[in-house]
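Written below as structure tokens is the structure these notes are about.
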Number of protein chains: 2
Amino acid sequence: MATMQRLQNTGLELFYAQGYYDTSIDDILKKLDLSKGAFYYHFDSKEDFFIQIIQNLLARKIYSTLIEPIEGHENPLTLITKCFDDAMETAVHNEMDYGCILSNFLTEFNGKNEVIMRHLNEIVTVWEVNLVTALQKGKFNGYLDRHVDCEAAATFLMSSYFGVRILMTSAAPASKKYRFMSQLRQYFKSIEANPVNS
Amino acid sequence: MATMQRLQNTGLELFYAQGYYDTSIDDILKKLDLSKGAFYYHFDSKEDFFIQIIQNLLARKIYSTLIEPIEGHENPLTLITKCFDDAMETAVHNEMDYGCILSNFLTEFNGKNEVIMRHLNEIVTVWEVNLVTALQKGKFNGYLDRHVDCEAAATFLMSSYFGVRILMTSAAPASKKYRFMSQLRQYFKSIEANPVNS
DNA sequence: CTATAAAAAGACCACATGGTCGGATTTACC
DNA sequence: GGTAAATCCGACCATGTGGTCTTTTTATAG
């Protein structure tokens with residue numbers, strides 16, 4: 001029972017750092033001082049192993065960092081701002097940052113493994129739905145301008161977050177974060193409810 | 001001479017579609033009906049091969065699609081809008097789209113190969129510098145608001161483009177493009193020179 | 001035609017990978 | 001203590017990989 005958890009935790013760790021195809025099962029086993037037998041007792045294949053990691057660990061991780069923080073009745077723009085700020089801050093402080101784990105896997109498996117892509121896209125959809133819902137609720141509560149296209153805003157937000165996490169891995173992550181947040185606020189200012197017209 | 005070009009072209013094609021680590025030299029050679037001898041006569045190693053591809057093909061491709069179109073004396077916001085629109089349109093029409101080639105490679109090599117990362121980041125920097133320059137020129141020419149942080153705007157634009165190209169590969173690329181462009185225009189409206197104050 | 005070098009062929013090597021399998025060891029339970 | 005199931009070991013296999021090396025083909029100039 002504990003072995004299965006350890007395998008999954010270390011698996012996600014290495015898959016995130018080195019990529020799925022560039023991480024061998026032996027890499028994971030070596031790090032845990034386990035043998036092939038232990039692995040194939042718990043999992044059918046490397047793919048099955050990864051899918052279980054997605055469902056057990058990745059989905060929860062995305063939920064706790066990107067979805068749960070934007071739930072609430074306050075101004076969604078404030079919540080999203082803080083959510084992104086926090087997520088990027090942990091990336092800045094992590095000396096070994098490899099970008100957004102979800103976006104990395106999306107990139108790696110796109111066009112290569114449809115089964116895994118379906119599982120990953122499911123997480124993306126959950127994020128998107130929650131973002132749209134939060135924005136619509138914000139519009140209903142008078143925080144957003146009435147003309148805002150919430151689906152479009154969600155797509156724009158997801159895009160910008162995925163992208164900035166890539167840029168942050170290259171150089172000067174703190175500076176990239178600061179610049180990004182300033183323009184995010186700029187964008188939010190342009191879609192928030194205009195107090196003059198209300 | 002022609003063989004070297006064919007190798008590089010097919011190499012980039014497959015590296016883009018399947019990733020560097022998941023594309024073997026034999027894959028490329030099989031597609032061209034060539035042998036190992038032909039490959040290692042022209043290139044020292046797989047890594048050397050890829051670096052030459054970056055410098056000879058990738059850099060030019062990025063330049064022609066993302067940099068050259070924004071050079072000019074017109075409103076940079078208009079130029080960037082059209083540039084992004086065109087780039088995404090070709091992605092929409094390409095039934096086999098694997099996202100932004102530059103961002104894909106950045107994701108794949110991050111933390112794995114510093115040499116290649118340096119070459120890729122060089123291209124990113126060139127793009128960034130040209131974006132900042134175009135925005136600053138636009139500010140000087142009265143197209144942008146005086147208070148706009150051009151470096152921040154460039155980071156924001158690069159982020160959002162990288163990200164939306166990831167989202168476009170998953171599902172409904174045309175819809176994603178439409179939504180993205182609408183919010184890009186929204187953002188641009190918020191940083192353009194305010195005719196009321198000028 | 002021939003000499004010479006560029007270009008390409010393809011057999012070969014050492015190594016790593018995902019996966020299998022029979023057996024050893026531990027654990028839980030009566 | 002004994003038994004059976006759960007857990008784990010590690011040798012083994014087929015395949016694929018990047019890379020080397022010798023040999024052959026091709027082109028080019030005298």
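Just so it is clear, the model here is predicted, and its values are computed rather than measured. So you know, we letter chains A, B, ... as the sequences are listed, proteins then strands, and number each from 1.
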Practice prompt. Output all residues satisfying side-chain contact (heavy atoms from CB on, under 4.5 Å) with B:Thr81, sequence neighbours left out; order by chain, then residue number.
Written response: B:Met181, B:Arg185, B:Phe188
Worksheet item: Among residues 104-120 of chain B, which contact DNA chain C at a heavy-atom distance under 4.0 Å?
Response: none
Response to the item:
B:Phe156 meets the ring pair (Phe, Tyr, Trp, His ring centres under 6.0 Å) criterion, sequence neighbours left out, with A:Phe156, A:Phe180, B:Tyr187
Response to the item:
ring-ring contact (aromatic ring centres under 6.0 Å, His included) pairs touching residues 117-151 of chain B, sequence neighbours excluded, are B:Trp127-B:Phe162
Item to complete: Please work out if B:Asp33 contacts a base, only the sugar-phosphate, or nothing of the nucleic acid, heavy-atom cut-off 4.0 Å.
Response: sugar-phosphate
Worksheet entry | Spacing of A:Leu29 atom CG relative to C:dA16 atom P, expressed in whole Å | 16 Å
Practice prompt. Keeping to residues at least two apart or across chains, list the ring-ring contact (aromatic ring centres under 6.0 Å, His included) pairs with something in residues 95-114 of chain A.
Written response: A:Tyr16-A:Tyr98, A:Tyr20-A:Phe109, A:Tyr21-A:Phe109, A:Phe50-A:Phe105, A:Phe50-A:Phe109
Worksheet item: Sequence neighbours excluded, which residues qualify as salt bridge (charged side-chain N to carboxylate O under 4.0 Å, His left out) partners of A:Glu151?
Response: none
Item to complete: Establish, from distance only, whether the side-chain atoms of B:Asp27 and B:Ser24 form a donor-acceptor pair under 3.5 Å.
Response: yes
Worksheet, complete the sentence: Taken in chain and number order and not counting sequence neighbours, the residues that satisfy ring pair (Phe, Tyr, Trp, His ring centres under 6.0 Å) with B:Phe39 are B:Phe43, B:Phe49
Fill in: Within residues 69-97 of chain A or reaching into it, pairs that qualify as ring-ring contact (aromatic ring centres under 6.0 Å, His included) - sequence neighbours excluded
A:Phe84-A:Tyr161
Practice prompt. Rounded off to whole Å, could you give me the CD1-to-P distance for the A:Ile28 and C:dG19 pair?
Written response: 12 Å
For nucleotides 17-21 of chain D, give me every protein contact, N/O to N/O, under 3.5 Å, one pair per line with atom names.
| from | atom 1 | to | atom 2 | distance (Å) |
| --- | --- | --- | --- | --- |
| D:dT17 | OP1 | B:Ser24 | OG | 3.4 |
| D:dG18 | OP1 | B:Lys46 | NZ | 2.8 |
| D:dG18 | OP2 | B:Ile25 | N | 3.0 |
| D:dG19 | OP2 | B:Tyr40 | OH | 3.0 |
| D:dG19 | OP2 | B:Lys46 | N | 2.9 |
| D:dG19 | O5' | B:Tyr40 | OH | 3.4 |
| D:dG19 | N7 | B:Lys36 | NZ | 3.3 |
| D:dG19 | O6 | B:Lys36 | NZ | 2.8 |

